Structure formats: structure tokens, C-alpha cells
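Data first, discussion second: the structure below is written as C-alpha cells.
Every chain is numbered from 1, with letters handed out A, B, ... down the list of sequences. Side chains are part of it too, since the values below use all heavy atoms of this structure and drop only hydrogens, waters and symmetry mates. Being a predicted model, the structure only gives us computed values, none of them experimental.
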Amino acid sequence: MNLLKRIYSILLKKYGFQGWWPLLGCKGTNPTKTGSVKGYHPKDYSYPKNDNQRFEVCIGAILTQNTSWPQVEKALLNLKGLNALAPQKLKKLNQEKLKQAIKPAGYFNQKARKIKEFTDFYLSLKNRMPTRDELLKLWGIGPETADSILLYAFKMPEFVVDAYTRRVFSKLGFIRKDASYEEIKKLFEKNLPRDSRLYQEYHALIVEHAKKHYSKKPYGKKDLLLNIVKTKSFK
DNA sequence: AACCAGGACGTGA
DNA sequence: TCACGTCATGGT
């Protein structure tokens with residue numbers, strides 16, 4: 001078994017199925033995870049179940065840019081309270097109210113514009129799947145947000161790379177600290193079966209693991225995984 | 001009381 | 001390309 005898959009197995013055994021992406025209306029929980037534990041649905045890959053949930057994932061992906069999930073949850077709840085957490089409804093919401101609603105998630109001026117432009121794009125799709133290039137052309141949608149949307153909203157096998165991924169796997173010796181997004185993405189996709197469920201879990205597990213050991217410096221201080229991977233018997 | 005959070009864009013080398 | 005400043009609220 002290849003190394004990236006073995007690391008996945010170790011993380012899975014340690015933290016269990018994560019059940020990403022969290023959804024407001026989902027009753028599930030994940031008690032082992034850090035931060036908010038609501039809205040997760042471990043081992044249930046049927047989410048998002050409908051168009052509104054799919055849209056909610058997209059908006060959450062934009063809101064969580066450089067922001068912790070509990071803050072995003074507040075913003076999403078505000079939108080829900082305004083009955084605006086649906087593409088047609090959000091389109092009708094005026095920009096100032098949108099800004100107020102998403103304030104807890106920070107960068108509200110930028111994010112309001114991003115959400116606005118994304119919503120117009122989303123509506124233009126009319127049940128069609130977006131392509132990665134289309135998403136990347138939108139203002140405010142970079143590689144990570146695009147891949148999050150494709151993987152978690154549309155269940156397409158696009159591996160999501162975030163700051164934690166780079167931090168953990170450069171520490172583990174798989175990549176350089178300054179490796180590009182696409183470079184890291186390809187490393188995972190080349191060494192793993194093209195399976196959206198696997199990609200979903202793996203990314204979530206990396207985040208969970210990194211929150212515990214790679215949030216404050218020095219990174220990887222008490223990371224047991226680091227010890228395992230660095231031993232000679234590994235690989 | 002700094003530092004960080006599930007980034008992306010605009011700018012100048 | 002690429003490094004760096006900017007965007008903003010709220011946890012710890």
C-alpha cells in the first residue's frame with residue numbers, strides 16, 4: 001500500500017469518519033472533532049441531498065476562507081434567519097443586509113461580493129455541473145474554494161489542498177514548504193484512487209489532525225504521526 | 001495582547 | 001511567476 005494511503009488509514013483509525021461537509025439542518029454530530037461538532041454526518045455520503053444544501057456548501061466554502069468554522073456557522077444561521085440561504089432568495093437579498101448577516105465570518109465586504117457573483121453564476125448553471133475552470137474564473141474563488149465546492153457540493157473527485165495540508169505534509173517530508181497548490185494536489189491525486197468519498201474524508205482528517213498539532217508553533221510538536229512516518233520501518 | 005482561522009486578490013519586482 | 005500587503009471578525 002502506498003504511503004499516502006497508509007497515512008490516511010492511520011488518521012482514520014485515530015479520528016474516525018469525519019462526516020464533512022457540515023450542514024445546518026443536519027442532525028448529525030462528530031464528538032471527536034475540535035470546535036463545533038454540529039452538522040456532521042459520518043459515513044453518510046448522501047449529503048448534500050438537494051439544491052439548497054448544495055448551495056449552502058458553496059456559500060460555506062466561500063465564507064470559511066481564512067476563517068474558523070464556528071464563525072461561518074453564525075453567518076450561515078443569520079442568512080437562514082433572513083430566509084436567504086437559497087440561490088433565488090439570496091439573489092434578492094440586498095447587498096447591505098448580506099454584509100451585516102455575514103459579518104461574523106470576517107472580510108464581509110469582499111465576501112459579500114464573492115457570494116453575490118457566485119450566486120449569479122450558480123443560477124446560470126441551471127442544474128448543470130460547474131467546471132473547475134469556470135469556478136476559477138469567478139472573482140473570489142481560488143483553487144481551494146473551487147475544489148471544496150467541486151468535492152463537497154458536487155461530489156467530484158478533486159482533492160482539496162489547504163494551508164494545513166502543506167504544513168503537515170511538508171513536515172512529514174512529502175513536499176517542500178513552498179510547493180505550489182497544483183503540485184500538492186497532483187501528488188495526492190496521483191497516489192490515491194479517484195474516489196470522492198476518500199478525498200472528502202482525507203481532507204477532513206488532515207484538518208482535524210492539523211488543528212490538534214499544527215495550529216501553534218512549533219508545528220508538529222506532539223504529533224505521533226510524525227514519529228511513525230519518520231521511523232525506518234515506515235515505507 | 002499577539003496570534004490565528006478549513007484564502008484570494010492586487011501590486012510591484 | 002512570486003513575494004508581500006490587504007481584507008475583518010472573534011477565539012484562544
inquiry  = For A:A61, is there any backbone N or O sitting under 3.5 Å from a side-chain donor or acceptor partner on A:T64?
reply    = no
query = Out of B:dG6, C:dG11, B:dG10, which has the shortest distance to the side chain of A:W69?
reply = B:dG6
Interatomic distance where CZ belongs to A:R113 and P belongs to B:dC9 [whole Å] = 9 Å
query = Between B:dC4 atom P and A:D162 atom CG, what is the distance in whole Å?
reply = 16 Å
ask   = Which of the following nucleotides, C:dT9, B:dG6, B:dA8, is nearest to the side chain of A:V207?
value = B:dG6
query = For A:E144 and B:dC9, what is the distance between atoms CD and P respectively, to the nearest whole Å?
reply = 12 Å
request  = Let me know the distance between CZ of A:F118 and P of B:dC9, rounded to the nearest Å.
outcome  = 14 Å
request  = Determine whether more than 12 heavy atoms belonging to other residues, nucleotides or ligands lie under 6.0 Å from atom NZ of A:K186.
outcome  = no
message = Is the terminal nitrogen or CZ of A:K185 (NZ for Lys, CZ for Arg) located under 6.0 angstrom from the six-membered ring centre of A:F159 and within 45° of that ring's axis?
response = no
task = Mark yes or no: A:K5 above the aromatic ring of A:Y8, with NZ or CZ under 6.0 Å from the six-membered ring centre and no more than 45 degrees from the axis.
result = no
query = Does A:R197 come within less than 4.0 Å of A:E201, counting only side-chain N to carboxylate O?
reply = no
inquiry  = Distance check needed: B:dC4 P versus A:Q71 CD, whole Å only.
reply    = 17 Å
Phosphate OP1/OP2 of B:dA8: any A:K114 side-chain N/O under 4.0 Å = no
remark   = Side-chain contact check for A:P143: nearest option of B:dG7, B:dG6, B:dA8 is B:dA8
query = Within this structure, what is the CD1-to-P distance between A:I184 and B:dG7, rounded to whole angstrom?
reply = 13 Å
request  = Tell me whether A:W20 is stacked on the nucleobase of B:dG6, counting only the six-membered base ring and applying the 5.5 Å and 30° thresholds.
outcome  = yes
query = In whole Å, what is the span from the CG atom of A:L151 to the P atom of B:dG6?
reply = 17 Å
request  = Give a yes/no on whether any side-chain N or O of A:R167 is located under 4.0 angstrom from OP1 or OP2 of B:dA5.
outcome  = yes
Write down the protein N/O and nucleotide N/O pairs, taken from nucleotides 3-7 of chain C, whose separation is under 3.5 Å; answer none if there are no such pairs.
{"from": "C:dC7", "atom 1": "O2", "to": "A:Q110", "atom 2": "OE1", "distance (Å)": "3.4"}

task = Among the candidates C:dT9, B:dA5, B:dG7, find the nucleotide nearest to the side-chain atoms of A:S215.
result = B:dA5
ask   = Where the side chain of A:W139 is defined as all heavy atoms beyond and including C-beta, which of B:dG7, B:dC9, B:dA5 is the nearest nucleotide?
value = B:dC9
ask   = So, A:F188 versus A:F169, ring centres under 6.0 angstrom or not?
value = yes
ask   = In which ranges does DNA chain B form stems of 3 or more consecutive Watson-Crick or G-U pairs, distances under 3.5 Å?
value = B:7-13 with C:1-7
ask   = How many Å lie between CD1 on A:I62 and P on B:dC9, as a whole number?
value = 11 Å
A:R167 to A:Y214, cation-pi by 6.0 Å centre distance and 45° axis angle = no
ask   = Where the side chain of A:K74 is defined as all heavy atoms beyond and including C-beta, which of C:dG11, B:dG7, B:dG6 is the nearest nucleotide?
value = C:dG11
